[in-house]
**Student:** 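Have a look at this one before I ask anything.
Basis for what follows: all heavy atoms, side chains included, without hydrogens, waters or symmetry-related copies. Here is the naming used below: chain letters follow the sequence lines, and residue numbers restart at 1 for every chain.
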Amino acid sequence: MRKMRVALEIEIPSDVHEIERVVELVQKECRQLKIEPEKCSLNVPVALTEALSNAILRGNREDASKYVRVRASVSKAGDMLVVDVTDEGAGFDLPASTLNCTTPENLEREDGRGLYLMQCLVDRVEQFVDGGNTVRLTVQRG
Amino acid sequence: MRKMRVALEIEIPSDVHEIERVVELVQKECRQLKIEPEKCSLNVPVALTEALSNAILRGNREDASKYVRVRASVSKAGDMLVVDVTDEGAGFDLPASTLNCTTPENLEREDGRGLYLMQCLVDRVEQFVDGGNTVRLTVQRG
Amino acid sequence: MSFTIRKQGEIVVVDVEGQLIVGNRQELKQKVLDELEKGEKRFLIDFSQTGYIDSSGLGVLVSLSKKIREQGGELRLANLNDDLKTLFELTKLDTLFQISDSRERALESF
Amino acid sequence: MSFTIRKQGEIVVVDVEGQLIVGNRQELKQKVLDELEKGEKRFLIDFSQTGYIDSSGLGVLVSLSKKIREQGGELRLANLNDDLKTLFELTKLDTLFQISDSRERALESF
Ligand SMILES: Nc1ncnc2c1ncn2[C@@H]1O[C@H](COP(=O)(O)OP(=O)(O)O)[C@@H](O)[C@H]1O
Ligand SMILES: Nc1ncnc2c1ncn2[C@@H]1O[C@H](COP(=O)(O)OP(=O)(O)O)[C@@H](O)[C@H]1O
């Protein structure tokens with residue numbers, strides 16, 4: 001018989017100042033799920049901050065009437081934390097938009113490090129459109 | 001601009017021994033939402049326990065392959081806690097099933113107090129079928 | 001959650017620690033019925049360490065009370081906190097049980 | 001989250017308390033540019049009280065470093081914890097900045 005599963009759902013207006021509180025709630029969830037300390041303090045918060053700021057600035061273009069939804073849950077098998085960030089935008093091409101920001105010509109750019117960092121920090125990054133554009137971050141537990 | 005909204009979603013197998021842990025999680029949520037202490041310690045836990053045991057015993061008939069889903073959220077206006085308990089049963093007629101257990105002929109019955117207590121303890125009890133049978137408990141904040 | 005049963009004089013005293021709900025009420029019922037079968041007649045359930053009780057917990061108290069009375073015995077309750085008092089009032093079960101504010105008073109009342 | 005700016009000798013020292021992210025990076029940028037405009041040339045950002053930094057926070061550091069160099073000045077960093085070191089390594093920004101393990105060493109290094 002499968003065990004109890006808990007998911008946290010958070011909805012915020014398109015305002016970058018809301019990001020920190022969302023990250024705090026998901027961080028708390030990470031710690032309760034006994035995910036490695038470094039993933040709780042660095043990988044998840046930074047990857048989620050990137051996904052949220054892209055959703056607010058790129059997906060919703062800071063339109064105050066649009067919302068961003070975050071859903072943090074554990075996979076059915078119980079071995080993964082899955083965080084979905086959904087905006088009201090039309091979606092984008094994840095592989096084509098991911099820049100290698102470590103090459104000499106990109107190193108001194110001010111922007112373009114978000115998707116790259118997400119890829120580095122979590123085990124899987126996926127993007128799909130399904131009633132809104134969703135970026136899914138998957139992190140191995142333990 | 002609307003504020004951040006948080007919802008908690010919990011899924012459990014049809015086993016009455018799972019009830020207490022679910023109630024604890026929702027109680028914690030109640031306290032974080034600064035709902036009155038008495039509602040956190042009595043009204044919400046008891047009403048939710050009733051809804052869960054009905055969902056497990058009546059709705060899902062303790063079928064181990066069936067699940068119960070609980071979703072606790074705050075209303076859009078921010079003034080209500082809304083708890084939905086969804087089972088995989090066909091639903092039932094809430095008003096017709098609610099017994100007045102305080103009449104002399106009912107007072108010494110062993111069963112039949114669940115729906116009555118739910119009605120007494122929360123501000124609104126609703127029942128609807130929408131991809132599963134849902135009982136919705138609504139509690140005024142503060 | 002756990003139930004502790006001990007004899008104090010002629011009285012069987014049960015402490016309910018935690019919640020008395022659908023998941024554990026059978027355990028309480030069985031423990032009390034076992035004592036009843038052994039010939040015990042006077043029962044006191046003390047709720048000073050109880051969180052909340054659901055309808056099936058209340059149902060077990062009603063059915064135990066009936067069974068004990070049928071054997072010429074009696075079930076009394078003690079130490080309901082404000083939450084539990086509300087619950088007994090809502091269901092009018094405060095009219096069915098003799099309820100004491102302290103264990104001592106309950107023990108003396110038999 | 002807050003930024004504290006103070007002068008130590010010829011060096012402008014900035015403490016970043018909390019996160020350096022999209023919601024507050026403009027504030028850091030403006031504070032440092034104001035000092036640059038006043039003629040300051042040597043800048044040290046101390047991260048001993050910083051939680052995490054996001055890509056836009058890193059972007060602000062890169063752009064400040066460039067602007068300060070254009071004015072003939074220099075930006076150095078100090079006290080990156082293990083998490084922040086990882087972040088600078090992943091983005092290879094550890095090759096772009098001079099990073100010290102302590103504030104004292106950083107101040108002496110100018
Ligand atoms: N949620 C999104 N909706 C639409 N486009 C997006 C979204 N997330 C990322 N993008 C696109 O991917 C590009 C690269 O994103 P990123 O690596 O985070 O760098 P930056 O945001 O700094 O440009 C963005 O410029 C944008 O065009
Ligand atoms: N989730 C449910 N699914 C189907 N029937 C239900 C459900 N909840 C309640 N009922 C019906 O309502 C009746 C009364 O419920 P309740 O007042 O809780 O008393 P009890 O469960 O002790 O009989 C139940 O006996 C059952 O027929």
**Student:** Given B:E108, which partner from the list C:K66, C:K67, C:K92, C:R69 fulfils the salt bridge (charged side-chain N to carboxylate O under 4.0 Å, His left out) test?
**Tutor:** C:R69
**Student:** Determine whether B:V46 and C:I21 satisfy the following criterion, side-chain contact (heavy atoms from CB on, under 4.5 Å), listing intermediate values before the conclusion.
**Tutor:** CA-CA 9 Å; B:V46 175; C:I21 53 176; over 6 Å; no
**Student:** Would you say CZ of B:R141 has more than 12 non-hydrogen atoms from neighbouring residues, nucleotides or ligands within 6.0 angstrom?
**Tutor:** yes
**Student:** Which residue out of B:N106, B:L52, B:T102 racks up the most heavy-atom pairs below 4.5 Å with chain C?
**Tutor:** B:T102
**Student:** For residues B:L57 and C:V22, determine if any side-chain heavy atom of one lies less than 4.5 Å from a side-chain heavy atom of the other.
**Tutor:** yes
**Student:** What pair of heavy atoms forms the shortest contact from C:Y52 to B:P45, and how long is it?
**Tutor:** CE2-CB, 3.7 Å
**Student:** So do the side chains of B:E50 and C:D54 get within less than 4.5 Å of each other, counting heavy atoms only?
**Tutor:** yes
**Student:** For chain C, find which of B:L42, B:I19, B:N100 contributes the most heavy-atom pairs closer than 4.5 angstrom.
**Tutor:** B:L42
**Student:** Are more than 12 heavy atoms, taken from residues, nucleotides or ligands other than C:E37, located less than 6.0 Å from that residue's CD atom?
**Tutor:** no
**Student:** What's the spacing between C:L87 CG and B:N43 CG if we round to 0.5 Å?
**Tutor:** 9.0 Å
**Student:** With only heavy atoms counted, which part of C:I53 is less than 4.5 Å from chain B, the side chain, the backbone, both or neither?
**Tutor:** backbone
**Student:** For C:K7, does the NZ atom have more than 12 heavy-atom neighbours from other residues, nucleotides or ligands under 6.0 Å away?
**Tutor:** yes
**Student:** Quick check for you: to the nearest 0.5 Å, what is the distance between C:T95 atom OG1 and B:L107 atom CG?
**Tutor:** 4.5 Å
**Student:** Checking C:S65 against chain B: side chain, backbone, both or neither under 4.5 Å from a heavy atom?
**Tutor:** neither
**Student:** Taking atom CD of B:E110 and atom CG of C:L61, what is their separation to the nearest 0.5 Å?
**Tutor:** 9.5 Å
**Student:** Is the closest side-chain heavy-atom distance between C:L90 and B:L121 below 4.5 Å?
**Tutor:** yes
**Student:** Compare all side-chain heavy atoms of B:E38 with those of C:T86 and state whether any distance is below 4.5 angstrom.
**Tutor:** yes
**Student:** Any chance you could measure B:R113, atom CZ, to C:L93, atom CG, to the nearest 0.5 Å?
**Tutor:** 4.5 Å
